[in-house]
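See structure below.
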Amino acid sequence: MELQLPDETAHENRRETGGSAPTPGTRRPGGRTARTRAAVRDAVLAGLTEYGYPGLTVEYVAEHSGVHKTTLYRRWKDVEGLVADALDLAGEDSWAPPDTGSLEGDLRALACEVVASFTEPAVAASGSAMIAAAFQSERAAVALRDYYAERFTRCEVLVERAVRRGELPATPDTVPDTPEAAPPDTASGTAPDRAIDAGALVRSVSAPLFFRLFISREPVDDALADQAVAATLAAARAGAFTTGSTAGNSPGAAP
């Protein structure tokens with residue numbers, strides 16, 4: 001679930017002037033506008049990586065994107081708008097969560113993606129620069145939060161598949177593939193009122209990795225990823241991420 005940034009490199013020339021100013025972060029159609037956004041996004045990432053958020057300027061983005069600064073000011077207003085839209089564009093990809101055939105395998109693949117995306121030299125700098133910008137700009141922070149919220153929403157299918165395979169307790173709206181995994185009836189003969197918080201479960205895997213990467217600044221590796229997965233699986237099987245009457249006051253039910 002790394003911070004993936006689309007690999008588009010087509011650049012718009014300096015004569016680009018068309019269209020009215022969109023709200024930064026608004027989804028844009030393809031064609032010329034998409035090429036302009038990709039060029040600007042590339043320049044924003046380069047500037048953040050090289051100078052950090054305090055050193056990024058509209059003039060730098062204009063020089064490195066081939067888009068005139070007048071166009072940048074009209075469309076994105078300022079550096080905050082440029083960074084926020086770069087993050088918004090990062091979410092317009094075709095990334096899908098892994099499907100390894102087991103919840104453990106899926107979570108391990110996700111955790112290893114996080115480790116790789118923030119430790120491999122070819123990709124680590126740009127993702128780290130974006131997250132660092134979110135600590136210095138409220139609009140960048142909102143854009144980053146929206147980006148990861150959308151990522152976690154995509155990951156809900158991991159939990160749905162796990163329930164259907166009988167790896168996690170079934171919920172009222174999910175019928176497990178195996179009869180033995182069906183939830184027990186209550187005294188009234190109805191299914192218990194409970195649900196698994198898929199977002200909390202997936203966050204539990206990535207949280208210790210991000211803590212070490214950006215808070216304690218400790219090294220991360222695949223062994224730590226495996227440890228995070230094991231802890232999450234144990235908590236999930238114990239019902240820590242299950243909300244509703246059967247889970248009681250579950251500590252893992254936070255959004």
Side-chain angles (χ1 to χ4, degrees), residues 1-14 16 21-28 33-93 113-152 203 206-220:
M1 193 191 313
E2 74 273 23
L3 183 56
Q4 291 189 334
L5 303 165
D7 186 17
E8 300 179 40
T9 56
H11 284 193
E12 186 64 80
N13 63 40
R14 292 181 181 271
E16 201 289 315
T23 301
T26 301
R27 293 287 193 263
R28 301 290 298 179
T33 300
R35 292 194 299 271
T36 298
R37 286 186 75 198
V40 170
R41 183 279 323 278
D42 290 345
V44 169
L45 287 177
L48 285 174
T49 302
E50 187 172 0
Y51 297 110
Y53 182 79
L56 181 65
T57 64
V58 173
E59 288 72 20
Y60 177 97
V61 176
E63 179 182 354
H64 289 79
S65 67
V67 179
H68 197 277
K69 68 178 181 180
T70 301
T71 301
L72 297 177
Y73 279 116
R74 184 177 69 249
R75 288 193 171 190
W76 288 277
K77 309 302 182 186
D78 51 25
V79 168
E80 277 196 311
L82 287 165
V83 173
D85 192 56
L87 274 166
D88 189 65
L89 183 58
E92 297 181 19
D93 59 18
E113 279 188 23
V114 173
V115 170
S117 64
F118 291 104
T119 57
E120 292 182 0
V123 294
S126 59
S128 296
M130 277 292 199
I131 290 178
F135 281 89
Q136 302 171 73
S137 161
E138 179 58 29
R139 288 176 65 186
V142 171
L144 185 69
R145 185 162 59 247
D146 290 345
Y147 170 87
Y148 275 109
E150 196 271 343
R151 274 291 194 267
F152 288 126
R203 285 176 174 86
S206 56
L209 303 176
F210 280 111
F211 180 88
R212 289 202 181 201
L213 284 164
F214 298 106
I215 304 300
S216 65
R217 309 293 292 179
E218 298 173 80
V220 297

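Note that the coordinates shown come from a computational prediction; the quantities given were computed from them, not determined experimentally.
- Using a 4.5 Å heavy-atom threshold, the side chains of D78 and R139 count as touching.
- Qualifying salt bridge (charged side-chain N to carboxylate O under 4.0 Å, His left out) partners for D146, counting only residues two or more places apart in sequence or in other chains: none.
- Looking at R151, its side chain never comes within 3.5 Å of a backbone N or O of Y147 through a donor-acceptor pair.
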Go through it in stages, so that I can follow the logic: the residues are Y53 and M130, the test is side-chain contact (heavy atoms from CB on, under 4.5 Å), and I'd like the CA-CA distance, side-chain angles, deciding distance and then a yes or no. CA-CA 8 Å; Y53 182 79; M130 277 292 199; over 6 Å; no
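- Remark: side-chain polar atoms of S117 are paired, donor with acceptor, to backbone N or O of V114 under 3.5 angstrom.
- The two residues V61 and A43 come nearest to each other via the heavy atoms O-CB, 3.8 Å.
- Of the options T49, L45, L48, a side chain to side chain contact (heavy atoms under 4.5 Å, CB included) to L56 is made by L48 and by none of the others.
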Could you give me the CA-CA distance, side-chain angles and deciding distance for R203 and F210, then say whether side-chain contact (heavy atoms from CB on, under 4.5 Å) is met? CA-CA 10 Å; R203 285 176 174 86; F210 280 111; over 6 Å; no
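- A heavy-atom distance below 4.5 Å is found between the side chains of T33 and R75.
- In this structure a side-chain-to-backbone donor-acceptor pair under 3.5 Å is present from T119 to V115.
- The ring of F135 has its center no closer than 6.0 angstrom to the ring center of F214.
- Here the OH atom belonging to Y148 is positioned 9.0 Å from the CG atom belonging to L87, to the nearest 0.5 angstrom.
- Atoms CD and OH, from E59 and Y73 in turn, are 4.0 Å apart once rounded to the nearest 0.5 Å.
- You'll find the side chain of R217 stays beyond 4.5 Å of the side chain of F211, heavy atoms only.
- If you take CD on Q136 and CD on E80, they are separated by 10.5 Å, rounding to the nearest 0.5 Å.
- Across every non-hydrogen atom of A39 and S65, the tightest pair is O-CB, 3.6 Å.
- Applying the side-chain hydrogen bond (donor to acceptor under 3.5 Å, both in side chains) test to Y60 and every residue at least two apart in sequence or in another chain returns E50.
- When the side-chain hydrogen bond (donor to acceptor under 3.5 Å, both in side chains) test is applied to T70, the partners found at least two apart in sequence or on another chain are H68.
- D85 places no side-chain N or O within donor-acceptor distance of the main-chain N or O of D88, the cut-off being under 3.5 Å.
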Run the side-chain contact (heavy atoms from CB on, under 4.5 Å) check on E63 and T57 step by step: do they pass? CA-CA 10 Å; E63 179 182 354; T57 64; over 6 Å; no
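- Considering every non-hydrogen atom in both F118 and S128, the closest pair reads CD2-OG, 3.6 Å.
- Closest of all the heavy-atom pairs between A134 and A141 is O-CB, 3.4 Å.
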